[in-house]
Amino acid sequence: MGSLQHLTPRRASGRGSLATLADTVDERRYVCPEQLDRRFHQLLEGDSDSRLLLLNGVGGSGKSAALREAARRGERLGYHVIALDGRQLVTVGPRLADVFEDLPDGDLLVLVDELGHLGARAHALGRILSTLPGPTRVVTAASDYAHDWLPTELEPLVATLRMPALDVETSHEVLRNHGVDNGSARAAISTWACGLPLALVLGAAAWVEHGAAAIQPGGAVLAAAADDLVGHLSGLALDQLDTELLEVAAVAGWLDDRLLADVLPDRDSHDALATLASYSFVERSGTGVTLHPLVARAVAERVRRDGGRISHLVLRTASHLRDRAILGDSRALHQLAALSEDPQLRAGMAPAHSATLYGDDVRAGEDDEIVRWAPKGLADAVRPWLLPQPASSWRTPTQVVRHTDGRVVAAALAMPLGEAAALVKAGDPRADLVAPLLDYAARRGFDDRVVISPFQLMAPGAAEEDPNVMALRNSHTLRRCRVSNPRFDLVNEFGWTDFERAVVADHGYIEVPELRREISGHEVRTWIVDVGPCGVVGLLFRGLAGEHGIDLPEPQTQGDLVLAALDDFHDDAVLAALPCAPLGHDLRHAADRVRTWVRRTMMAALHDQPVLADLLEQRYFEPAATHDQVMRATFLSRATYFRRVRTARELVAAAADRVGAPL
């Protein structure tokens, strides 16, 4: 019988099923984010009015795991748990009404995963939930919810939570629970995962299987893990999805139907955006969508393998973003910077994704904390800038970088020249920090797109905790400064570290010696940068074009460009070579885009002067038309005709110059 000893069970008692073991392992590995833990406590144990907790977030953000944790807590507290899955209910599941028949006595906890799959049936579920007993608790999870799926009478009982990206500490705890016992490996996987729980799990599995080779930046194992992530989230491999759309989304970072229509002119932009929005790793952001950073990196890496294709995509996207940024779209400015391969430009204007830091306005009561970062003598000069503005105020609020735990780690302010001048004229106590900068700008004749930065501060040790904090602060402040396509920036220096001075110098700022001064016994210095007549947008766009082997002609005003385009309106080659033409497209498409721009500019300039508009249309828009032909057709004398043409051209050029900076 000795040969059969191996058949003896190793554990003769206390053996559960595989399902029981799986739940035990899941509970041991799970780390509940603080925000979610607080909401679960309020819902299941607290005395708040909430009865329904609606969880939402991008795929892989931990919604299903959160429902499993809710079930465990509910069972421990004596709830009868009913767990539903929207995918099963849609396919072969029972009728919703049947699910809630013959409910047991006692408190109920209803969990509904993937509620978005129910579609219109979500409204029926909402009506059923409203009829359940008062003590019932409900937790649902969906990437997005149908509009008004819950009856209005339930609204006072609803609490919502967007699943948070996990911070570094929580990410490390998740990785330890999944067997990653190496600190360097945890740091590498955490950075790669961008706070996405599912990515952490896949990264941990890759490390456990492959060891150190798994965490090499850009390595094959992490790339495969990224492909696995897409498969988990979408049910399809990356190659089976709409690759063209994913490539544009990965390159652009954020896109809407306007960008899609420009970059992919042969596609229906509305249908394309709807296709993207249907993917579970795509998130709606305002009027557009974004890919999760990890998925975006995986797609972008694939595109880069085809150098020609990535070049065309980048140039098309950059052309669109340039036009939007010139018109004052601050998001487009930062997207444009993110397209550059120059690490200095990216670091200063397109900071890396952060799972723990975000931009915000200063709040009441935060002035005491922030002024401690400034030299002692300058606290009184900084404090007036930190007082929250009334809702009716047009003043620019101070911008801060905030940690997800609420801490403020950086603060700065940037404002238009006119707003700073108004403060000085009104005798505002804030004028001490900006009056010398205004005098300097006036002496030098700077009046075109000038930004005034009274102060830029960081909490001690903030840069060591996250080197991205300075870039986040500066980019967020620039986004809110209300100066379209800035050219000059005048910024005060006090309380800076050597690191901050080095970064500023690397970005082309130089100190203005004559503006060294003392305020309350402490020295204040001022730095200035002039990025040229094309402004920051032109600087970025020209740099991008150069990275892809394109040398743009010398800057021209938009007025000069629109007149040049009028004179050669039917020559594709000439129009496509103008600086205002989009890059990366074929000759005909680029020329047509310039023609569209000319027509719109002319209509805007001459909308109230139809006679002049008609004259330009006949002369320039009609193929092979000449001055003599149009003169005869309009029965105008030579002097009157040319006077009207000259007036119309001047009005169109002036309108173009008012809209944007030189290109």
Side-chain angles (χ1 to χ4, degrees), residues 262-263 265 307-308 310-329 332-333 335-337 339-342 344-345 349 448-449 484-488 508 529-602 604-605 616 620-621 646 649-663:
D262 259 6
V263 178
I310 184 65
S311 183
H312 285 302
L313 277 179
V314 169
L315 291 173
R316 289 184 183 189
T317 305
S319 298
H320 176 86
L321 295 174
R322 174 196 60 180
D323 295 342
R324 289 173 79 151
I326 286 176
L327 295 174
D329 185 337
L333 177 63
Q335 285 181 263
L336 192 61
L339 295 176
S340 174
E341 297 294 335
D342 185 338
Q344 288 190 1
L345 286 178
M349 302 184 64
D448 180 29
R449 294 165 286 144
S484 176
N485 191 17
R487 173 175 179 176
F488 298 97
V529 68
D530 175 4
V531 297
C534 297
V536 172
V537 177
L539 173 74
L540 294 173
F541 186 75
R542 287 171 175 272
L544 273 165
E547 290 173 9
H548 293 271
I550 298 175
D551 292 325
L552 293 175
E554 289 299 311
Q556 294 176 263
T557 68
Q558 297 218 31
D560 291 339
L561 286 172
V562 75
L563 295 182
L566 270 176
D567 292 334
D568 291 289
F569 194 76
H570 299 285
D571 191 323
D572 288 354
V574 171
L575 296 185
L578 292 174
C580 53
L583 303 178
H585 291 279
D586 62 75
L587 196 71
R588 178 69 181 179
H589 179 83
D592 283 343
R593 286 281 307 282
V594 176
R595 294 186 186 101
T596 299
W597 171 65
V598 172
R599 287 192 178 96
R600 288 176 176 171
T601 304
M602 192 190 79
L616 291 189
Y620 296 106
F621 293 175
R646 184 173 61 253
R649 286 170 63 95
E650 289 173 351
L651 290 173
V652 172
D657 283 337
R658 283 195 300 272
V659 170
L663 293 173

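Remark: side-chain polar atoms of Asp551 are not paired, donor with acceptor, to backbone N or O of Gly546 under 3.5 angstrom. Between the Asp262 side chain and the Thr317 main chain, no donor and acceptor come within less than 3.5 Å of each other.
By the 4.5 Å heavy-atom criterion applied to side chains, Ile326 and Leu663 are counted as neighbours. Side-chain contact check for Leu333 versus Leu540: some heavy-atom pair is nearer than 4.5 Å. Two residues are said to be in side-chain contact when any heavy atoms from C-beta on lie closer than 4.5 Å; Arg487 and Pro533 meet this criterion. Proximity of His585 to Ser319: side-chain heavy atoms (C-beta onward) are nowhere separated by under 4.5 Å. Within the 4.5 Å cutoff, no side-chain heavy atoms of Leu544 are placed close to those of Leu315.
Within the model, atoms CG of Leu578 and CD of Gln556 stand 7.0 Å from one another, a figure rounded to the nearest 0.5 Å. Rounded to the nearest 0.5 angstrom, Met602 CE and Leu651 CG are separated by 12.0 Å. Considering NE2 of His570 and CZ of Arg595, their distance stands at 7.5 Å, rounded to 0.5 Å. With rounding to the nearest 0.5 Å, the separation of CG in Leu539 from OG in Ser340 is 9.0 Å. Here the CG atom belonging to Leu575 is positioned 10.5 Å from the CH2 atom belonging to Trp597, to the nearest 0.5 angstrom. Residue Leu327 holds its CG atom at 11.0 Å from CZ of Arg322, rounded to the nearest 0.5 Å.
Ala605 approaches Ala655 most closely through the heavy-atom pair CB-CB, 3.5 Å. Residues Glu547 and Glu341 come closest through the heavy atom pair OE1-N, 3.0 Å. Closest approach of Tyr620 to Leu566, counting heavy atoms only: CD2-O, 3.3 Å. Minimum interatomic distance between Ala325 and Val537 (heavy atoms only, all atoms of both residues): CB-CG2, 3.6 Å. Across all non-hydrogen atoms, the minimal contact from Cys580 to Leu561 is CB-CD1, 4.1 Å. The shortest non-hydrogen separation linking Leu321 to Ala332 is O-CB, 3.7 Å.
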>> Run Thr601 and Val598 through side chain to side chain contact (heavy atoms under 4.5 Å, CB included) and show every step you take.
In response: CA-CA 5 Å; Thr601 304; Val598 172; 5.8 Å; no
> Can you check side chain to side chain contact (heavy atoms under 4.5 Å, CB included) on Asp567 and Arg649, steps first, answer last?
Replying inline: CA-CA 11 Å; Asp567 292 334; Arg649 286 170 63 95; 3.0 Å; yes
>> Show, in sequence, the C-alpha distance, side-chain angles and deciding distance for Arg316 and His312, and conclude whether the side-chain hydrogen bond (donor to acceptor under 3.5 Å, both in side chains) test is met.
In response: CA-CA 6 Å; Arg316 289 184 183 189; His312 285 302; 5.5 Å; no
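Of the candidates Asp323, Asp572, Asp586, Asp323 is the only one forming a salt bridge (Lys or Arg N to Asp or Glu O under 4.0 Å) with Arg593.
Salt bridge annotation for Arg599-Asp592: absent, with no cationic side-chain nitrogen under 4.0 angstrom from a carboxylate oxygen.
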